[in-house]
There are 2 protein chains.
Amino acid sequence: MSDSTIYEVARLAGVSIATVSRALRGTGPVSAATREKVRRAVEELRFTPSRLGVSLAEGRHAANGIVFPDLSGPYFGEVLLGYEEVAADLGRSVLILSTRDRAGVPETVKDLATRVDGLVVFGRTLPDELLTELADSGLPMVMLAREAHPGTEAVRSENADSAEALAVHLIAHGHRAFALAGGHDEGDVSRRWTAVARTLGHHGIDVPRPVECPYTVEGGYEAGLRILPGRKDVVMCADDQVALGVILAAEELGLRVPEDVAVTGWDDIMAARHSRPALTTVRQPLRELGATAARLLDELIAGAEPTNTTRVLATDLVIRSSCGVHPPAQQEEP
Amino acid sequence: MSDSTIYEVARLAGVSIATVSRALRGTGPVSAATREKVRRAVEELRFTPSRLGVSLAEGRHAANGIVFPDLSGPYFGEVLLGYEEVAADLGRSVLILSTRDRAGVPETVKDLATRVDGLVVFGRTLPDELLTELADSGLPMVMLAREAHPGTEAVRSENADSAEALAVHLIAHGHRAFALAGGHDEGDVSRRWTAVARTLGHHGIDVPRPVECPYTVEGGYEAGLRILPGRKDVVMCADDQVALGVILAAEELGLRVPEDVAVTGWDDIMAARHSRPALTTVRQPLRELGATAARLLDELIAGAEPTNTTRVLATDLVIRSSCGVHPPAQQEEP
DNA sequence: CTCGCGTGTGTAAGCGCTTCCACTGCCCGG
DNA sequence: CCGGGCAGTGGAAGCGCTTACACACGCGAG
């Protein structure tokens, strides 16, 4: 971009750069005649102020960052969508960083931090020391899908109550032999499994140990192959992708869902609605999660003090057919 | 971010800022003792160079932008994933901009352009004049999922041959009454429909006019309700989401897929594999599309001259059950 | 006829960095 | 014993902008 600079505009308009700046931003008084001269010069040179110069002088970037572990699957895309939308409305650009397993993440994140006015960080994407270091440096930060770290805000969706409601529904179906698919040390999921365990306990049902697996269809498939030969009534999965994988495994093993084994997911991704059997799951307000994070971050950037508080967004239990047979009236449109 | 500056590091280390810079970047000679003093000062102050200062001095941003119409649905997320991955490996940050229907897009894009070294633009997201203006200003640009605009590179996936292969397959199934769901003025899709029309023509089959609809499940559902009462054998859809919607509409109308009507998609999103019937579709290498764009852009930024060339990536015809009944051997794992 | 003030404009000081250029020692070959 | 060269370092310009401050001018009030 060999763009023209404010100096060339000033020269062409026959004024000083200060006047050009004032005319363009509407700060300070500028006579109508001058304003017009500047306007013409800007047009002729196709001048757009360099963001670098502006940011350096203003001391702000007008940009936000967001850090997530991976962009695959529908989950992060949806959240990002809500985030970008609000950020754009607030006049801020969005920088994304997907950490995956990549090495050198701390350096990359610190570099990102010098490009933005604030950062949204997903779940356990970054080590706690790094979060502390960033927060201590005064960088506004919002945590997503986890509890607030000291010096930040946070937003996640509800876990325990929904998990309990789902478990209760499954018990009402008559299911007694439960299995859990998907690792459990991560914040959100462990919260759900804890609630499920409590509920099962209340009903005198054996509490299974979660079978760890990656949160992908393949991961669910592998987990399903390990779990299903154990003659379970129902497999509760950490998310919808895992559930889809478990259903695939069930098919492979000649088991019918939900007649032989029920399966539930979490998130309500698009495929959950279209799969057969359609997936019983818990809908998270993904876009709203992103949008809320963007708004919280904006408040912090505007100067609000971090409250170390976690907002909790409500979820919806979505009953479809994968959890057992329902009387028609009870079923949602598939 | 009240970060420390290179001046504070220099003072603490007892050297000049020039030396600090050289020590940190490894340009120019620095004695081991000095290097160590600088290292310690950097550590103590937790110094990370301001990207703003670096970029302004270097005259480059080490960042790429990407502009797409919308982030909803799996399509863009996957492409973005491939793009971000390669960009990150090349040491570049990624700025995203989703235009949606928002007003003031040209201004926003121009602002974005001053934050990056190069831009990837999706399909027909931006008006041609704007593309020309950006290209003329010397901004390296890569077009995605469309033909190259003058002064740019482009990458898309193959359309005509795959569309023909799909049509041939459907004809072999015995289908004769074709319908097309999904608008057709957009580049990629119109290319496919043209190829389908040619193929049908060769076989003496009536060429239907595409029924316009948004590329969403809802759009497909609406289109399906309009199309299906017309007693068609097969509905070819602009993408998988539309196809899923048409299947929903078929169900609503009491039609069985594929026995009463066959349905095909395009893209091979996750839901295509898990829906029942599983969707016959054409797999686009979405991540590879993004990755290729990132690499092309990097070459342009490195100084390569734009060739106005369009790379075409190969697709895969994915035969599943929504297009008709196959002998078991012919079917892909669902 | 002044003084004071508001309007309109220019000058210049940063913002945080990179890098060209100049300078100081010191070592080594002649 | 001397000059050339080089390792090591600092000074300062410059990247493109915003804005505090200074200044000039014209006007109405005293």
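Each chain gets a letter, A, B and so on, in the order its sequence line appears, and its residues count up from 1.
Note on ring orientation: taking the six-membered ring where Trp is involved, the planes of Phe122(A) and Phe76(A) are perpendicular (angle over 60°, cut-offs 30° and 60°).
Checked against dC15(C), dC17(C), dT19(D), the side chain of Ser50(B) finds its nearest nucleotide in dC17(C). Listed candidates were dT19(D), dT18(C), dT11(C). Nearest to the side chain of Ser21(B) is dT18(C). Residue Ala18(B) has its side chain nearest to dG11(D) when only dC15(D), dG10(C), dG11(D) are considered. Between dC15(C), dT9(D), dT19(C), one nucleotide has an atom nearer to the side chain of Pro29(B) than all others, and that is dT9(D).
Position along DNA chain C of the nearest nucleotide to Leu56(B) versus Thr27(B) favours Leu56(B) as the more 5'-ward residue.
Backbone-only engagement by Thr34(B) is indicated by non-hydrogen atom pairs under 4.0 Å involving sugar-phosphate atoms exclusively.
A heavy-atom distance below 4.5 Å is not found between the side chains of Thr48(A) and Val42(A). Between Glu133(A) and Lys110(A) there is a side-chain heavy-atom pair separated by less than 4.5 Å. Between Val67(A) and Val120(A) there is no side-chain heavy-atom pair separated by less than 4.5 Å.
Glu36(B) places its CD atom 13 Å from the P atom of dT9(D), with the value rounded to the nearest Å. Regarding Lys37(B), its NZ atom lies at a distance of 13 Å from the P atom of dG8(D), rounded to whole Å. Arg60(A) has its CZ atom 10 Å from the P atom of dT19(D), to the nearest Å. As rounded to whole Å, 9 Å separates atom C1' of dA12(D) from atom CD1 of Ile17(B). Distance Tyr7(A) OH to dA13(D) P: 14 Å, rounded to the nearest Å. As a whole-Å value, the separation of Phe47(A) CZ from dT18(D) C1' is 12 Å. If you measure from atom CZ of Arg25(B) to atom P of dC17(C), you get 11 Å, rounded to the nearest angstrom. Counting to the nearest Å, the C1' atom of dG10(C) and the CZ atom of Arg11(A) are 16 Å from each other.
Checking the phosphate oxygens (OP1, OP2) of dT9(C), a side-chain nitrogen or oxygen of Ser31(A) falls inside 4.0 Å. Checking the phosphate oxygens (OP1, OP2) of dG11(D), no side-chain nitrogen or oxygen of Ser16(B) falls inside 4.0 Å.
Between the side chain of Arg51(B) and the base of dG16(C), no donor-acceptor pair under 3.5 Å is found. The base of dG10(D) sits within donor-acceptor range of the side chain of Arg22(B), with an N or O pair under 3.5 Å.
Remark: the backbone N or O of His61(A) is paired with a side-chain donor or acceptor of Asp117(A) at under 3.5 angstrom.
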